[in-house]
Each structure stands twice: as structure tokens, then as C-alpha cells.
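Worksheet: one structure, shown below.
Heavy atoms only: backbone and side chains are in, while hydrogens, waters and symmetry mates are out. So that the names make sense, note that chain A is the first sequence line, chain B the second, and so on, each numbered from 1.
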2 protein chains.
Amino acid sequence: MISLANKKNLKPEDFPPEIEGLRMTRQRREVLAVILRDRDHPTANDVFLRAQKRMPTISLATVYNCLEALVTHNIVRQVNLERESSRYCPNLSDHCHFQDEKSGKIHDVVFKEGVKLEDILELPKGTEVSHLEISLKGIFGK
Amino acid sequence: MISLANKKNLKPEDFPPEIEGLRMTRQRREVLAVILRDRDHPTANDVFLRAQKRMPTISLATVYNCLEALVTHNIVRQVNLERESSRYCPNLSDHCHFQDEKSGKIHDVVFKEGVKLEDILELPKGTEVSHLEISLKGIFGK
DNA sequence: CGGAAATTTGGAATTATTCTAATTCGTAAT
DNA sequence: ATTACGAATTAGAATAATTCCAAATTTCCG
């Protein structure tokens, strides 16, 4: 996994020509930069609006295309909460999402030290987990 | 919580006039009976098609209305997997959902004895969880 | 440079769900 | 029973997110 998750003030130009086998086009750079910049779990449309600022000609369809490419190449993660629009998250480490009912903000939540999901679920022998999503809603403390 | 989860061969007529404070109309009975009968996590449209068999005049809008009423009164649970249509589940006990990639079937998965989600997540003090959803995908063993 | 392949684009199409306004139903009082 | 009223149902239109499509553009490579 490439460590983009912590690079904060990355400009689109700073990305290498290829990430995780995905050719970085101008639009993909822009979309990725948007997601890395604010880290607030934007929807595709949010990304579109932000990307448009620097690249007024980008289209929504392209944003969807870029997001799909980034997701399938494991460069960003797609987050689905209830029936809302998908959101996009640059944090690739194991974590889940908590949506605060007051602010609407989405927080990343990590597992306690050493906890593995397979340890806590009653899964039949031979089960292979390829995808896992945990989402919570409520009042986020602090 | 009313123990409908285990009643299997329930006919619509068998329901009391009111469940969890929700008046049971003819359509709501039918929708609930469908969900209790097959327990295969049908979508709204699946429910519609099945309900139509016994009640040819029921409309899709009504199925959506009934499902919403049943969900908000905690009589059935709404299950969201990725971006697919919502599905509906009569099992109200704590559990999560595993979608088998081969068959497409959805399996209920329970926590191991004594595990509480709050114990395994790093949540800030004062956090109140009102809603929780865990979904998995992969090859389901056995 | 020249052609093939990949990407982008705008708009149309699709799909699940919600909305709306009119009708019907159910209940309870007369 | 009849009436009246609020709740529920209905069909169809509307909406919203996403995907599809076909044409235009860009990129890559020899």
C-alpha cells in the first residue's frame, strides 16, 4: 500500500506518473488531490465541485470514472452509509465510520489494539472475507 | 421486542391488530408475512412481487410505505449492503450480514459469546451509538 | 509523425426511492 | 346502519445518484 494517507499538502503535480498500477491522468490527480486535501469524506458531487475550482472543464462523469479507478486500485476507499451517496476516504488502514447525528460529520474509528474482526464473529470454517464495512451512527463524544 | 422472529408459518390473519404500536392493516400484514415467511433478505421489489401473489392490488408505493412503517417501529430491520437496494430482515437480534460472492445469498452472522462492539472500538468518551451496521462480503464457508 | 488504446466528456438512460394528490378504508360516534 | 374524519393506499410523476453511450480528445509507442 502506498503511503498517501498521510501526505497532506500534496499538489496534483506531485503524484508519480503511476500509482498502484494506475496511470495518473490530469483528472485523476486532481480528484485524488481533493480527497487527500480535506479528508472529510466527500461525496462524488463534493469532489466534482472542488475539482472544478482548479480544473473548470472536468465533468461529473469523469469524477465518477476517476473515483472508480482509484477505488479499484486501492488508492482510496469507498464508504457507504445507509442509503446516502457514497463517500470517499483516503485512509486505507482498517477502520470504520461513525456519523455524528448532530453535525453530520463522519469520523474514522479504529479497532482497539489487537482486535481482529474474525475473532469476534461466529463465521463458519472456510469463510473468506474479501470486503468489510462497519458503520455507526449516534452522538460522537468529545 | 415482540418475538416474531421465530414464528415461521404465520399467515397475515394471525397478526394482532397492533404490533409495537403500529396498526396492522391488511397490506402491512401481508408485507410482514412475506418477510417472515422466507427470511431471505428480500428487496422492496421482491416483497412487492411476493405480496402481489396473495394481494394482486397492492402497489409498490404501499410496499415501501409498509416497510418504512415496519422498520421505524422496530418490527423488521433494514439492511444496506454497498450501493444495492435495501433489503429487509425479520431477525431483530444483534447480528451482521455476510453476502456470499458465489451465490449472492445473504447470511446472518452473530457475534461470539459476550462480545460487545463498544468493547472493540476506540470510541471517545460520551459516544452514544444509536445505529450500527456491519456487512461482509466474500466466500461463506460450509 | 501516425495509429491504437485509453480517457474524458456531455448528455441520455437507468434504477431505487420518495413525493403528490386523489381515493378508499376503518373506526367510532351518532 | 350512516356519517364523518383521520389514516392508509394507490398510480403515476418526480427526484437523485449513478451508469451508460458514443463522440471527441489525449496519451503512448513504434
Side-chain angles (χ1 to χ4, degrees), chain A residues 12-13 15-34 41-52 54-73 75-88 104 106, chain B residues 12-13 15-34 41-52 54-73 75-88 104 106:
Chain A
E13 312 79 84
F15 296 121
E18 195 171 294
I19 300 182
E20 299 284 298
L22 179 69
R23 208 173 99 203
M24 292 308 285
T25 62
R26 233 157 47 83
Q27 290 77 346
R28 288 176 185 160
R29 280 165 205 280
E30 189 54 49
V31 164
L32 178 54
V34 164
H41 304 90
T43 64
N45 197 58
D46 295 335
V47 172
F48 173 56
L49 295 173
R50 294 178 198 173
Q52 265 190 327
R54 301 174 102 261
M55 190 185 276
T57 59
I58 197 171
S59 76
L60 180 56
T62 298
V63 171
Y64 273 103
N65 289 341
C66 292
L67 289 170
E68 193 197 327
L70 293 169
V71 167
T72 60
H73 286 74
I75 301 167
V76 312
R77 184 169 151 187
Q78 182 171 18
V79 177
N80 298 304
L81 301 175
E82 314 248 302
R83 311 243 78 246
E84 297 175 13
S85 327
S86 287
R87 297 167 174 280
Y88 297 87
I106 292 162
Chain B
E13 312 80 83
F15 297 121
E18 197 171 293
I19 300 181
E20 300 283 299
L22 179 69
R23 206 174 102 206
M24 292 309 285
T25 63
R26 233 154 50 81
Q27 290 76 346
R28 287 175 186 162
R29 282 165 205 280
E30 189 54 48
V31 165
L32 178 53
V34 164
H41 305 89
T43 64
N45 197 58
D46 294 336
V47 172
F48 173 56
L49 294 174
R50 294 177 198 173
Q52 265 190 327
R54 300 174 105 261
M55 191 184 274
T57 59
I58 198 172
S59 76
L60 180 57
T62 298
V63 170
Y64 272 102
N65 290 341
C66 292
L67 288 170
E68 193 196 328
L70 292 169
V71 167
T72 60
H73 285 75
I75 301 167
V76 311
R77 184 169 152 188
Q78 183 171 18
V79 177
N80 298 304
L81 301 175
E82 314 248 302
R83 311 243 79 247
E84 297 175 13
S85 325
S86 288
R87 296 167 175 279
Y88 297 87
I106 292 162

Distance-only side-chain donor-acceptor flag, B:Thr62 / B:Gln27, under 3.5 Å: no
Whole-Å distance between [N] [atom2] and [X] [atom1]?
X	N	atom1	atom2	result
A:Gln27	D:dT26	CD	P	10 Å
A:Glu18	D:dT27	CD	P	15 Å
B:Glu68	D:dT9	CD	P	12 Å
B:Asn80	C:dT17	CG	P	8 Å
B:Tyr64	C:dT18	OH	C1'	9 Å
A:Met24	C:dA6	CE	P	18 Å
B:Leu60	D:dA14	CG	P	17 Å
A:Glu84	C:dT18	CD	C1'	16 Å

Whichever of B:Ser85 and B:Asn65 has its nearest DNA chain C nucleotide further upstream toward 5':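 Taking each residue's closest nucleotide, the earlier one in sequence belongs to B:Ser85.
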Of B:Arg83 and B:Met55, the one whose closest DNA chain D nucleotide lies more 5':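 Comparing both residues, the 5'-ward one is B:Met55.
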Contact nearer the 5' end of DNA chain D, comparing B:Cys66 with A:Ala44: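 By nearest-heavy-atom nucleotide position, the 5'-most residue is B:Cys66.
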Sugar-phosphate, base or nothing in reach of A:Arg26, heavy atoms under 4.0 Å: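 A:Arg26: no heavy atom of the nucleic acid under 4.0 Å.
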Touch class at under 4.0 angstrom, heavy-atom based, for B:Thr62 against every strand present: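 Base contact.
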Proximity to the side chain of A:Ser86 - top-ranked nucleotide from C:dT9, D:dT10, D:dT18: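 It is D:dT18.
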For A:Asp46, side chain to side chain donor-acceptor pair (under 3.5 Å) partners two or more places apart: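 A:Asp46 satisfies side chain to side chain donor-acceptor pair (under 3.5 Å) with A:Thr43 once adjacent residues are dropped.
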side-chain N/O A:Thr25 vs D:dT27 OP1/OP2, d < 4.0 Å: no
